[in-house]
Chemist: 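Pasting in a structure now, in structure tokens, and then I'll have a few things to ask.
Numbers restart at 1 for each chain; the letters A, B, ... are given by sequence-line order, proteins then strands. Small disclaimer: the values here were computed from a predicted structure and weren't measured.
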2 protein chains.
Amino acid sequence: MAGFSRFLAVLRLFTDSASAWSVPDMADALGVPASTAYRTVRDLVAAGFLEAAQDGAYRLGPAFIEYDRLLRMTDPLVHAGAGALRDVVMQAQTPCVALLSRLYNDQVMCVADEAARETVFRSSYERGRPMPLVQGATSKIILAHLPARQLNRLIGAPKSAPVNDALRRELAEIRRRGYCATASEIDPGLAGIAAPVIVREAGIFASLSLVADDSRLDESQRRRLVLLVVSAASLVSEELRHRHIPPPLHTSIRSVK
Amino acid sequence: MAGFSRFLAVLRLFTDSASAWSVPDMADALGVPASTAYRTVRDLVAAGFLEAAQDGAYRLGPAFIEYDRLLRMTDPLVHAGAGALRDVVMQAQTPCVALLSRLYNDQVMCVADEAARETVFRSSYERGRPMPLVQGATSKIILAHLPARQLNRLIGAPKSAPVNDALRRELAEIRRRGYCATASEIDPGLAGIAAPVIVREAGIFASLSLVADDSRLDESQRRRLVLLVVSAASLVSEELRHRHIPPPLHTSIRSVK
DNA sequence: GTCAATATTCTCATTTTATGGGAATGAGAT
DNA sequence: ATCTCATTCCCATAAAATGAGAATATTGAC
């Protein structure tokens with residue numbers, strides 16, 4: 001291991017349950033000499049990706065907040081979706097959480113969320129938290145719209161993984177239907193309603209979804225929310241498609257100031 | 001330039017106004033050969049810090065969202081302050097934005113913000129955006145509570161920078177008063193009210209502040225909000241002080257699972 | 001205050017890796 | 001087909017990271 005990966009390795013030590021590390025402990029955990037660990041940490045601190053807590057402990061640094069804002073302001077999906085999420089929770093007229101989620105390596109991650117005012121429950125899906133690929137409406141609707149090649153890479157080709165044939169049939173059915181509604185697949189008692197946000201030409205495979213208390217939903221409510229989610233997802237997709245300007249030919253591209 | 005700094009240099013290219021870059025343009029801007037730029041970008045993409053947009057353009061990657069969540073969940077200041085901000089905007093009973101801000105290199109950066117329901121204006125202070133050090137209540141109240149050595153480093157020692165003597169007197173007065181109220185220093189028409197969140201033993205130099213429409217504030221309003229901000233800041237400080245557990249002696253520290 | 005135990009930084013010879021020039025390949029456009 | 005530019009590949013070289021251990025700084029114990 002060397003170079004860049006040393007920095008990544010240090011950052012990966014930081015998790016929900018281990019949020020502060022001393023340098024000797026990092027060196028231990030990574031199996032590198034102390035001098036190397038001190039140097040790596042010093043560089044990360046200088047860059048703002050780590051920061052000294054107290055008593056020789058280090059925690060994640062404020063540079064992540066800065067880059068996160070930059071991403072929120074400039075990422076097409078996040079930027080286009082955030083407004084839609086606000087509209088959705090307003091129009092839902094019930095305690096709920098609206099999510100915008102996308103593929104992230106071999107998981108699904110929410111990139112924007114918005115809770116209605118009076119929402120008391122919390123969804124496991126929350127901005128920045130990687131979630132399983134094959135559970136929950138939010139994830140399934142994305143899987144259902146993936147190109148065959150990419151899906152095979154994630155769940156195995158039909159021949160090599162016939163165990164997934166049932167899943168494949170389920171995904172085909174979801175794609176046909178155009179939305180996905182589940183209940184208690186991730187959080188007991190919570191229902192998920194998700195619609196696809198797919199813009200192939202921009203490489204966007206995402207979903208817009210709503211999480212609400214399942215016991216509060218009667219059939220007409222559910223139908224109304226499905227409609228709300230599906231149309232919001234279409235709006236976001238359209239906006240993204242519209243933004244996707246084919247670049248001028250034979251010219252390097254760069255964002256205009 | 002080499003090693004880690006090459007990665008930093010690439011990331012620093014991404015700004016509000018230049019949010020998508022092609023690799024040749026990056027190579028140009030950094031003055032490095034194309035082959036080097038391609039390799040650097042490939043590594044950053046693999047780590048999730050960049051991601052391919054369309055047509056050879058790259059944008060910031062979802063890893064920043066993931067680390068930002070981790071920080072929100074685990075950073076003592078953000079975690080303790082977020083709840084307080086919600087309380088503040090609720091109790092303010094007027095359109096406003098509450099901010100939690102801190103030193104970040106030689107600037108001040110908001111690390112958590114919360115807007116009241118009906119707030120229409122936007123403050124220039126927003127989560128993740130570095131702001132000037134010596135303007136606005138949010139920043140000044142932090143400066144006013146910095147140890148002398150650190151203040152000198154930021155604005156120059158009294159002898160070498162006598163031009164700042166007026167500022168020094170202003171800061172001393174602010175410290176004496178315990179809060180700072182300004183108007184139109186950053187955004188025309190907006191007023192800022194800030195109180196310190198200082199926990200020296202934990203290395204925390206921050207502020208809790210409220211931004212509201214200046215023309216809507218009469219004297220009694222203003223007094224009420226000052227009280228609100230000051231007491232909220234005290235609560236946050238107390239919570240942080242309480243959390244600061246002196247580590248066990250002669251033992252390496254590590255967050256408990 | 002001294003002492004002892006760690007934490008942290010420093011040094012430097014060595015190994016490892018990144019570097020970048022250029023060739024090779026690919027993808028469009030004409 | 002041919003031109004242009006994007007992208008990858010190759011490899012000798014230069015450069016930088018590495019790590020063992022020494023040197024120094026901190027810190028608590030006493």
Chemist: Please tell me if A/Arg6 has a side-chain N or O lying less than 4.0 Å from either OP1 or OP2 of C/dA18.
Modeler: no

Chemist: Using a cut-off of less than 4.0 Å, is there contact between a side-chain N or O of A/Tyr38 and OP1 or OP2 of C/dT8?
Modeler: yes

Chemist: Can you work out whether A/Thr40 or B/Ala34 has the more 5'-proximal nearest nucleotide on DNA chain D?
Modeler: B/Ala34

Chemist: By nearest nucleotide on DNA chain C, pick out whichever of A/Phe4 and A/Arg42 is the more 5' one.
Modeler: A/Arg42

Chemist: Whole angstroms only, please: what is the CE-P distance between A/Met26 and C/dT6?
Modeler: 20 Å

Chemist: Atom pairs under 3.5 Å, N or O on each side, protein against nucleotides 21-24 of chain C: can you list them with distances?
Modeler:
none

Chemist: C/dA27 P sits how many Å from B/Asp55 CG, rounded?
Modeler: 15 Å

Chemist: Answer whether the closest heavy-atom distance between the side chains of A/Pro196 and A/Tyr179 falls below 4.5 Å.
Modeler: no

Chemist: Could you check whether A/Arg6 pairs with A/Asp43 (Lys NZ or Arg NE/NH1/NH2 to Asp/Glu carboxylate O, under 4.0 Å)?
Modeler: no

Chemist: Taking 4.0 angstrom as the limit, do B/Asp16 and A/Arg69 come out as a salt bridge?
Modeler: yes

Chemist: Return no unless some side-chain N or O of A/Thr36 is found under 4.0 Å from OP1 or OP2 of D/dT18.
Modeler: no

Chemist: Find the distance A/Asp28:CG to C/dA7:C1' and express it as a whole number of Å.
Modeler: 14 Å

Chemist: Tell me which pairs pass ring pair (Phe, Tyr, Trp, His ring centres under 6.0 Å) where either residue lies in residues 130-175 of chain B, with sequence neighbours left out.
Modeler: none

Chemist: Charged N to carboxylate O below 4.0 Å: is that the case for A/Arg102 and B/Glu51?
Modeler: yes

Chemist: We want to know whether B/Arg168 and B/Asn152 form a side-chain donor-acceptor pair, criterion being a heavy-atom distance below 3.5 angstrom.
Modeler: yes

Chemist: Nearest whole Å is fine: how far is C/dT19 P from B/Leu30 CG?
Modeler: 12 Å

